[in-house]
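The block underneath contains the structure these notes are about, expressed in structure tokens.
On a predicted model such as this, the values are computed, not experimentally measured, just so you know.
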Amino acid sequence: MLINFDTPWLLSGLLLMTVPLLRTGIKPQAYPWLAILPSDALSTLLSVFIRLIGMAAIGLLILGLSGLYLKEQRIERIGQGAHIVLLLDRSNSMDTTFAGKAPMNDQEESKSSAARRLLTEFIDKRVHDLMGIAEFSTAPLFVMPLTENKQALHAAIAATATPALAYTHVSKGLAMALSFFDEQPTSGTRIVVLVSDGAAAIDSDSEQALRTLIKEQPIHLYWVFLRTANSPGIHEKPDNSRDDNAQALPEKYLHLFFSSLNVPYHVYEAESPEGLQSAIDDIDKLENRPLHYFERLPKQDLSGLCYQWASLMIALLLVLKLCEVNRS
């Protein structure tokens, strides 16, 4: 059953609902001979109505005291969307502008601020998606599990406004993002959206571990690379071949690693908030497929509603009592 009670033993008080059947609370009037009273259907109906209101008031009060509530529910939903994990870079460089300097006024927007603003709009557009949020810097940070609750996702995105941390260790963040899909239904597309302005070299052990995880959890991978002005791009070709390595060009080699994973992968180089907006809009268009999922509805307390209706019943009884005419 969907309905339950915090203190079910109080339901024995429902026996008090029989009281209005035994007593009406109306002062009796003496008549010399009842046969002279004409039949009054309206009075009979009103008497029954008053009794029913009294019974309802008592019953609602007892249900409220018993702690009536609806149990947590899982409702099946079918829509258009995906399972999406937003993996956000929280390194120090994200708090600078696309020009590579600290914002000097409200007119200048840091990369992290632009990402928060545009990702919040992205969340609002995606009506049926299940979304989760993770962050990474020196270590991964779990922020919000996969959920359809927009308010919770907004709060999680807003929480990234805290000061940035240290470095960019993307491999740990990716491993955490993939863990979001554990024990999740396989319906719908699984997507990881990495938003970062840089990368760090990934060691061979971490590469192998990520390859294994992605084989177990096939995903669609999107990397929105927030490129700072004059910084190396993912297709950079250095003049000196000795500089063409993962330590000197971590973004390029991270791109090559992602390209070798044999999963749908796309990278966007965004050099301005407008470029970031374009990348997010493109992801929104590409990932909109049939999705089957279960929405979780939390426990809902109904005792307050019972008290409200009981108050209404009692107020109605009071009005009827004030309308009573005493004849001596």
[X] versus [Y]: any side-chain heavy-atom pair under 4.5 Å?
X    : Y    : value
P20  : I58  : yes
L87  : I133 : no
V143 : L88  : no
F258 : V267 : no
L130 : F180 : no
L305 : L68  : no
Y307 : L61  : yes
L52  : V48  : yes

Exercise. Should the heavy atoms of other residues, nucleotides or ligands under 6.0 Å from NZ of K101 be counted, would the total exceed 12?
Worked result: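 It does not: K101 NZ has 12 such atoms or fewer within range.
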
Measuring from [X]:[atom1] to [Y]:[atom2], what's the distance to the nearest 0.5 Å?
X    : Y    : atom1 : atom2 : result
E207 : I202 : CD    : CD1   : 6.0 Å
L316 : F49  : CG    : CZ    : 5.0 Å
I214 : T212 : CD1   : OG1   : 9.5 Å
L221 : I219 : CG    : CD1   : 5.0 Å
W223 : S259 : CH2   : OG    : 9.5 Å
L254 : I234 : CG    : CD1   : 9.5 Å

For this session: Could you check K150 against D124 for salt bridge (charged side-chain N to carboxylate O under 4.0 Å, His left out), going step by step and ending with a plain yes or no?
Result: CA-CA 7 Å; K150 303 298 183 187; D124 290 335; over 6 Å; no

Please tell me whether [X] and [Y] are part of a single hydrophobic cluster in this structure, the criterion being side-chain heavy atoms less than 4.5 Å apart.
X    : Y    : answer
L15  : L21  : no
L226 : Y253 : no
F225 : L256 : no

Donor-acceptor pair, distance only, cut-off 3.5 Å: does the side chain of [X] make one with the backbone of [Y]?
X    : Y    : answer
R227 : E271 : no
T120 : R116 : yes
T228 : F98  : no
R190 : P218 : no
T147 : L153 : no

Problem set entry | Lys/Arg cation over aromatic Y69: K299, 6.0 Å, 45° cone |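 Checked: cation-pi criterion met.
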
Problem set entry | Plane angle bin for H255 and Y265 - parallel if under 30°, tilted between 30 and 60°, otherwise perpendicular | tilted

Exercise. Does the side chain of S179 pick up a donor-acceptor pair with the side chain of D182 at under 3.5 Å?
Worked result: no

Problem set entry | Salt bridge present between R117 and E109 (N-O < 4.0 angstrom) | yes

Exercise. Looking at the rings of Y222 and H220, which for Trp means the six-membered one, are their centres under 6.0 Å apart?
Worked result: no

